[in-house]
J.: 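Structure in structure tokens, see below.
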There are 2 protein chains.
Amino acid sequence: MAIHLIRKLEHFTKLSSEEKTSLERTAAQKVRQLNPREDIVYEGDRPSQINLILEGWACRYKVLEDGRRQIMGYSIPGDICDMRMFILKEMDHSIGAITPVSLAEIPKDTIIELTDTYPRLSRAFWWDSLVENAISREWIVNNSQREATERMAHLFCELFIRLRMVGLTRDHSCEIPVTQADLGETLGLSTVHVNRTLQELRASNLIVLKGKALTIPDLEALQEVALFNDNYLHLNRDGHEMDANE
Amino acid sequence: MAIHLIRKLEHFTKLSSEEKTSLERTAAQKVRQLNPREDIVYEGDRPSQINLILEGWACRYKVLEDGRRQIMGYSIPGDICDMRMFILKEMDHSIGAITPVSLAEIPKDTIIELTDTYPRLSRAFWWDSLVENAISREWIVNNSQREATERMAHLFCELFIRLRMVGLTRDHSCEIPVTQADLGETLGLSTVHVNRTLQELRASNLIVLKGKALTIPDLEALQEVALFNDNYLHLNRDGHEMDANE
DNA sequence: CGATCGCTTGAGCAAAATCAAACCTCGTGG
DNA sequence: CCACGAGGTTTGATTTTGCTCAAGCGATCG
């Protein structure tokens with residue numbers, strides 16, 4: 001069930017079969033199920049373990065005192081939330097389930113053991129967290145410089161590529177299980193404007209969105225209107241020189 | 001000259017005098033001077049060393065194909081740009097000097113040696129980079145949910161506190177050596193609107209800004225209008241249990 | 001079968017962008 | 001010493017983008 005994580009990490013470096021089975025075993029140890037809208041961790045929590053998303057979508061978010069809510073990132077299968085508990089005492093944001101979520105709960109010590117035993121895994125985790133940071137930075141650009149249509153297009157490009165990395169697309173399609181209100185809280189737009197922007201993207205045949213099923217007939221075209229540059233996702237196997245040779 | 005870095009890291013854990021002199025020595029090894037608007041690293045670069053800001057301000061930024069520019073973070077004295085080169089091959093953004101900047105160039109191997117010798121330093125660097133990520137996430141919230149006045153107020157609160165951490169404030173004042181155009185590219189606002197927003201903050205006596213000198217007569221008041229919560233800066237000495245006892 | 005949640009539409013409004021010009025400072029060179 | 005120019009700030013007028021408010025619609029589910 002750690003298949004998504006493994007697929008993702010192998011965009012950085014090829015893992016040995018021993019490393020893969022270790023990951024599989026670790027991820028199977030303790031699994032927790034959550035319902036949509038349930039929180040995985042709360043702002044202010046002092047988490048003592050790492051959560052790996054096995055199935056479903058979650059999001060990181062903050063709520064301002066007056067109720068405004070901002071989604072700062074999506075966690076999809078294969079994503080780890082979060083390594084930072086090794087150092088930081090308190091969560092400065094919450095993580096909530098969007099769909100039903102199945103989580104592997106991995107104790108701190110298990111991770112330490114794993115990374116001590118397999119330095120390649122340690123580096124791959126590091127890569128993963130650096131890419132996550134790069135995504136945060138790109139979101140600053142997206143929500144600050146791009147206008148609604150570009151912004152939405154950019155988000156769809158990113159999500160499609162991330163889902164493809166972990167094997168969750170088919171041809172030109174994937175599932176985007178978020179509501180238009182969620183999209184608004186992601187992109188800093190009102191729900192009404194999200195709706196109208198989606199209509200615009202549909203009208204230009206850039207996307208087909210029926211319920212949760214997103215189809216991108218021409219990814220390049222969508223990337224163009226989004227001014228999308230995938231370099232921040234670091235897909236070029238930066239760790240290939242440490243590939244396992246099997 | 002690594003004094004600012006040391007001050008910052010000691011908000012996480014107290015360093016031993018040996019660790020401090022090692023940092024000082026490392027930072028004095030090779031120093032480079034840059035002029036305002038000169039780039040420290042370019043998007044696409046493959047950096048081979050770490051740059052520590054000793055004096056002056058720099059910023060991380062991206063430029064879209066059509067010229068729109070977004071500043072994604074400020075680097076002030078004591079900031080490290082950037083540790084990620086251990087893993088990632090190519091910079092996905094640029095870093096440019098805002099003021100004259102003096103940089104310590106630290107070779108990869110020196111950092112490895114340092115962190116291998118002093119695990120406490122290693123953890124402190126890790127903390128530092130996690131706080132940097134938390135700042136990025138907060139900027140997403142800031143530029144997406146807050147309106148112009150709140151947004152600007154929030155930025156000033158953050159910068160003031162960060163400068164205070166490294167000893168670069170006096171009473172209620174500090175230097176903010178950025179132009180209004182820079183502020184616009186930071187906050188996702190037009191220069192004209194930045195100007196008007198500043199006037200508003202001045203009119204409400206929330207800030208005094210003369211040239212580059214910023215005075216915040218009542219930080220709490222400014223934090224209130226900004227809906228500012230400092231938890232994301234992790235100032236509470238999360239590493240105090242590993243303090244050096246000297 | 002009503003209630004709830006999510007999506008859609010319309011009308012009016014507010015925030016911020018754009019465009020254009022003036023002004024101010026400061027450093028440089030005649 | 002003064003003129004000039006560049007970079008930065010300020011102001012006014014107008015337009016655009018996206019927000020708010022309000023209501024209706026269409027599924028889905030107990």
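On a predicted model such as this, the values are computed, not experimentally measured, just so you know.
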J.: To the nearest Å, how far apart are Arg68(B) CZ and dT17(D) P?
T.: 12 Å
J.: Look at Glu185(B) together with Arg68(B) and state whether they make a salt bridge at an N to O cut-off of under 4.0 Å.
T.: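 No, no charged N to carboxylate O under 4.0 Å.
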J.: Using a strict cut-off of less than 4.0 Å between a Lys/Arg side-chain nitrogen and an Asp/Glu carboxylate oxygen, indicate whether Arg84(B) and Glu90(B) qualify as a salt bridge.
T.: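 No, Arg84(B) and Glu90(B) are not salt-bridged.
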J.: Of all the choices, dG8(D), dA22(D), dC19(C), which nucleotide is nearest to the side chain of Val192(B) once you look at every atom?
T.: dC19(C)
J.: Among dA17(C), dA16(C), dT9(C), which nucleotide sits nearest the side chain of Ala148(B)?
T.: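 Closest nucleotide to the Ala148(B) side chain: dA16(C).
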J.: In residues 173-182 of chain B, which residues come under 4.0 Å of DNA chain D by heavy atom?
T.: Thr179(B), Gln180(B)
J.: Please work out if Gly188(A) contacts a base, only the sugar-phosphate, or nothing of the nucleic acid, heavy-atom cut-off 4.0 Å.
T.: sugar-phosphate
J.: Can you measure Arg196(A) atom CZ to dC21(D) atom P for me and round it to whole angstrom units?
T.: 14 Å
J.: Check this for me, if you would: do Glu175(A) and Lys212(A) make a salt bridge, where the nitrogen-to-carboxylate-oxygen distance has to be below 4.0 angstrom?
T.: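 Here Glu175(A) does not pair with Lys212(A) in a salt bridge, since their nearest N and O are not under 4.0 Å apart.
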J.: Using only side-chain N and O atoms of Gln199(A), determine if any of them is under 4.0 Å from OP1 or OP2 of dT9(C).
T.: yes
J.: Quick one: which of dT11(D), dA16(C), dT20(D) gets closest to the side chain of His193(B)?
T.: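 Comparing dT11(D), dA16(C), dT20(D) against the side chain of His193(B), the answer is dA16(C).
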J.: Salt bridge or not for Glu147(B) and Arg151(B), using N-O below 4.0 Å?
T.: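 Looking at Glu147(B) and Arg151(B), the cut-off is not met.
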J.: Nearest whole Å is fine: how far is dA15(C) C1' from Gln145(B) CD?
T.: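 Gln145(B) atom CD is separated from dA15(C) atom C1' by 15 Å.
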J.: Would you tell me if any nitrogen or oxygen in the side chain of Lys212(A) comes within less than 4.0 Å of OP1 or OP2 on dC7(C)?
T.: yes
J.: Is any side-chain N of the basic residue among Arg196(B) and Glu200(B) closer than 4.0 Å to the acidic one's carboxylate O?
T.: no
J.: Can you tell me how far P of dG18(D) sits from CD of Glu185(A), to the nearest Å?
T.: 18 Å
J.: If the test is side-chain hydrogen bond (donor to acceptor under 3.5 Å, both in side chains), which one of Glu138(A), Gln145(A), Arg146(A) qualifies with Gln70(B)?
T.: Gln145(A)
J.: Any side-chain donor paired with an acceptor under 3.5 Å for Ser173(B) and Thr215(B)?
T.: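 Looking only at side-chain atoms, Thr215(B) and Ser173(B) do form a donor-acceptor pair, the distance falling under 3.5 Å.
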J.: Nearest-Å distance, CG (Leu198(A)) to C1' (dT9(C))?
T.: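 Interatomic distance, CG of Leu198(A) to C1' of dT9(C): 15 Å.
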J.: To the nearest angstrom, how far is Asn195(A) atom CG from dG10(C) atom P?
T.: 11 Å
J.: Answer with base, sugar-phosphate or nothing: what part of the nucleic acid does Arg37(B) contact at a heavy-atom distance below 4.0 Å?
T.: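 Answer is sugar-phosphate: Arg37(B) comes under 4.0 Å of backbone atoms only.
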J.: Rounded to whole Å, how long is the line connecting atom CZ of Arg151(A) with atom P of dG18(D)?
T.: 7 Å
J.: Touch check for Arg202(B), heavy atoms < 4.0 angstrom, all strands: base, sugar-phosphate only, or nothing?
T.: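 Here Arg202(B) touches the backbone only, sparing every base.
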J.: Quick one: which of dG18(D), dA20(C), dG8(D) gets closest to the side chain of Leu189(A)?
T.: dG18(D)
J.: Could you give the CD-to-C1' distance, from Glu147(B) to dA14(C), as a whole number of Å?
T.: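 From Glu147(B) CD to dA14(C) C1': 10 Å.
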